[in-house]
S.K.: 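Please find one structure pasted underneath; my questions will follow.
Side chains are part of it too, since the values below use all heavy atoms of this structure and drop only hydrogens, waters and symmetry mates.
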Amino acid sequence: ISLERPESLKERAYENPKKKKKKDWDKFYKEWGNKNNTMPNPQRVSEKMEKRGTFNQGHKVREKVLYASTVELNATLEQLKLIPYKQITLDERITFRPVETPIKGIREILLVTDTKDENDSSFDAISYYGYLLGRAVLAPANGMIITNYSVTTPVKFEKKVIDAIIKSLEYGIKLAMPKTIKDKIKIKEGNKEPVAFIRAIVGNREITEKGWGIGSKFAVFDFGGGTLDFAFGEYRNGYDDEDNDYVLEVKNTSGDERGGAEYIIHKLSYELYKINQELMQETKIPFPVPVGEGLIELFPENLLKARTKPALYNLRKLNETISRKIFENQQESINKEEALELQCENGEYHQVNLDIEIDALNIILENILRNLVNNFDEQIEKVFKENKYEKLHIFRAGNASRSIRLESILEEKYSNSGVKIHFIDENSVHGVKPKTAVAIGELEFRTNEDVGIVFKNINSSEETPFEFR
């Protein structure tokens, strides 16, 4: 299912980036808030609908975010599945400001995790994402109506976060469906994301030619934007008392809700803020400290502790103009001489010339990624013991695993071990890619009984999730 025009996106058609930008909130909510009477029909912004459109979504938003204005940044929603995690687990208050706001003044829209809490100043973004999925499912080109859905989740999301995501998705999908089939829609929790990934590539010709097969061990390094997840196990023949010819035996899963690319980019921005701490203090520019990071010594705590609108704006500005480019190895596009417009504590905008120490930030990023790989290797040893590298295949999964630095660090780490490292990115519309493999793998589990799954996880009381360093 694609939320955009598949023919225009080619091999990216089914990635469905979870980024949205709200343009005209009043027009949008007039449609979306009318759910009880008619099927909502907010219009997407396009060349033909530039004036009437009320929102945009997906690739177009992702491509423009690097060059977005202050107003556009404030109106953009991203990392949707982390919204319930931040609100429920971290108790964060998350808001956004649409591009066009009511005449009576700037309106701050609060994000909520339950549609029951929605009103003209609050919004359940995940239920709306579900609604867009439901509309795409009903598109005539699909030729069928899908009633059963499975939701894969990160390893470390707690149950109440997963339940909130599923509840919102179910509400949105049902809202898009005709009344006659609403009650037939069923959504359930699926496999953990790295487990679903490994199912997608079981029969891949490329890895088979590199030695993958029955008796191979797997270690999945699922490096997404929001989370970092691991899965470890073995691909084997089914036993006589098992129903499947072949089995993926999952021996352990682990991960970190704060180990994804966005957290690392946030951390890089905080390091940049610390490099320029005298200027930041002088101009009273606030910044939200990443979860788990310490405060700057002898620095005004009010500039670091409050997750205010100016602080969150400054985070996104540093992320998109500097830190993301460093993470994606595009530091040559950073203009070190250009002044950045950041927000002061009182909300006023201020032009600042930052000392952008690219070499220092690159070293910090390198150390972060090396720590992630070392923690991953510790988990491999814990699961597979003394024969940890024998017949072991490592899979880079998740969109952030495209990182050239990560590839280099992994190759260096396992260069003389006999371990095979794979990165699957098939160049076709329906091919397995870092962004789509999880969905494809979950579908394979549900529709193909040749390969089953058995969990032999280490008991949760014994499992030691690594600490992000």
Side-chain angles (χ1 to χ4, degrees), residues 1-20 31-32 35 38-44 55 57-59 80-81 84 113-115 124-154 157 162-193 195-203 426 428-453:
I1 300 299
S2 177
L3 298 186
E4 302 176 68
R5 296 173 66 87
E7 66 274 12
S8 67
L9 296 169
K10 298 181 180 180
E11 67 274 7
R12 300 185 303 159
Y14 301 100
E15 292 186 358
N16 292 330
K18 297 173 184 65
K19 285 182 181 287
K20 293 181 173 59
E31 284 287 342
W32 179 243
K35 298 186 284 287
T38 61
M39 184 177 290
N41 189 31
Q43 297 295 316
R44 182 193 299 268
F55 80 100
Q57 185 271 336
H59 289 279
L80 297 190
K81 71 180 177 184
T113 58
D114 193 326
T115 54
D124 181 358
I126 291 182
S127 71
Y128 186 65
Y129 183 76
Y131 177 69
L132 293 179
L133 286 174
R135 285 177 56 172
V137 166
L138 284 176
N142 292 323
M144 66 178 71
I145 294 178
I146 301 169
T147 57
N148 293 306
Y149 299 81
S150 181
V151 180
T152 58
T153 56
F157 272 16
I162 295 171
D163 289 345
I165 293 173
I166 291 176
K167 183 178 179 180
S168 290
L169 282 174
E170 182 174 21
Y171 181 91
I173 292 173
K174 284 185 174 181
L175 186 63
M177 296 295 168
K179 291 182 179 179
T180 54
I181 65 169
K182 286 183 188 291
D183 291 339
K184 297 180 181 180
I185 302 298
K186 306 296 181 185
I187 301 182
K188 62 181 179 180
E189 181 181 351
N191 287 289
K192 298 303 181 185
E193 290 176 353
V195 174
F197 170 88
I198 199 67
R199 177 63 184 90
I201 52 83
V202 162
E426 296 177 343
S428 67
V429 172
H430 297 283
V432 176
K433 302 175 179 61
K435 186 75 174 176
T436 62
V438 169
I440 292 172
E442 185 67 13
L443 182 62
E444 287 291 332
F445 272 130
R446 302 300 173 187
T447 59
N448 188 335
E449 296 182 355
D450 290 346
V451 180
I453 184 170

S.K.: L169 versus Y149: any side-chain heavy-atom pair under 4.5 Å?
M.R.: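 Sidechains of Y149 and L169: no contact.
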
S.K.: Pick from T115, T113, D114: which one makes a side chain to side chain donor-acceptor pair (under 3.5 Å) with K167?
M.R.: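 Passing option: D114.
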
S.K.: To the closest 0.5 Å, what do you measure between CD (E170) and OG (S127)?
M.R.: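 So the gap between those two atoms works out to 12.0 Å.
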
S.K.: With a 4.5 Å heavy-atom cut-off, do I173 and V137 have their side chains touching?
M.R.: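 Heavy-atom side-chain distance check fails, nothing below 4.5 Å.
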
S.K.: So which heavy atom on R199 is nearest to which on E444, and how close?
M.R.: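 Shortest heavy-atom separation between R199 and E444 comes out as NH2-OE1, 3.4 Å.
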
S.K.: Please round to the nearest 0.5 Å and tell me the distance separating atom NZ of K184 and atom CG of N148.
M.R.: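 Going from NZ on K184 over to CG on N148, the span is 11.5 Å.
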
S.K.: List in chain and number order the residues that pass salt bridge (Lys or Arg N to Asp or Glu O under 4.0 Å) with D450, two or more places apart in sequence or in another chain; answer none if no residue qualifies.
M.R.: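 Checked D450 against salt bridge (Lys or Arg N to Asp or Glu O under 4.0 Å); zero matches.
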
S.K.: CG/L80 to CD1/I165 distance, rounded to the nearest 0.5 angstrom?
M.R.: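 Going from the CG atom of L80 to the CD1 atom of I165 covers 10.0 Å.
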
S.K.: Can you tell me how far CD1 of I162 sits from OG1 of T153, rounded to the nearest 0.5 angstrom?
M.R.: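 Between atom OG1 of T153 and atom CD1 of I162 there are 3.5 Å.
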
S.K.: List for me each residue that meets salt bridge (Lys or Arg N to Asp or Glu O under 4.0 Å) alongside E449, sequence neighbours excluded, and say none if there are none.
M.R.: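 Salt bridge (Lys or Arg N to Asp or Glu O under 4.0 Å) list for E449, sorted by chain: empty.
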
S.K.: Between atom OG1 of T147 and atom CE of M177, what is the distance when rounded to the nearest 0.5 Å?
M.R.: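 So the OG1 of T147 and the CE of M177 are separated by 8.5 Å.
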
S.K.: Nearest heavy-atom pair of V195 and F445: which atoms, and what distance?
M.R.: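 For V195 versus F445, the nearest heavy atoms are O-CE1, 3.7 Å.
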
S.K.: If you look at every heavy atom in A200 and A437, which pair is closest and at what distance?
M.R.: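 Answer, listing the atom of A200 first, then A437: CB-O, 3.2 Å.
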
S.K.: Have E442 and T152 got a donor and an acceptor in their side chains that come within less than 3.5 Å?
M.R.: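 Side chains of E442 and T152: no pair found under 3.5 Å.
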
S.K.: Any side-chain heavy atom of E193 sitting closer than 4.5 Å to one from F197?
M.R.: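 Not in contact.
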
S.K.: Given the rule in the side chain to side chain contact (heavy atoms under 4.5 Å, CB included) test, do Y171 and D124 qualify, once you have shown the distances and angles that lead to the verdict?
M.R.: CA-CA 10 Å; Y171 181 91; D124 181 358; over 6 Å; no

S.K.: Hey, does R446 have a side-chain heavy atom less than 4.5 Å from the side chain of N191?
M.R.: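 A side-chain contact under 4.5 Å exists here.
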
S.K.: Any idea which heavy atoms bring G190 and S150 closest together, and the distance?
M.R.: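 Scanning both residues completely, I find the closest heavy atoms to be CA-OG, 3.3 Å.
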
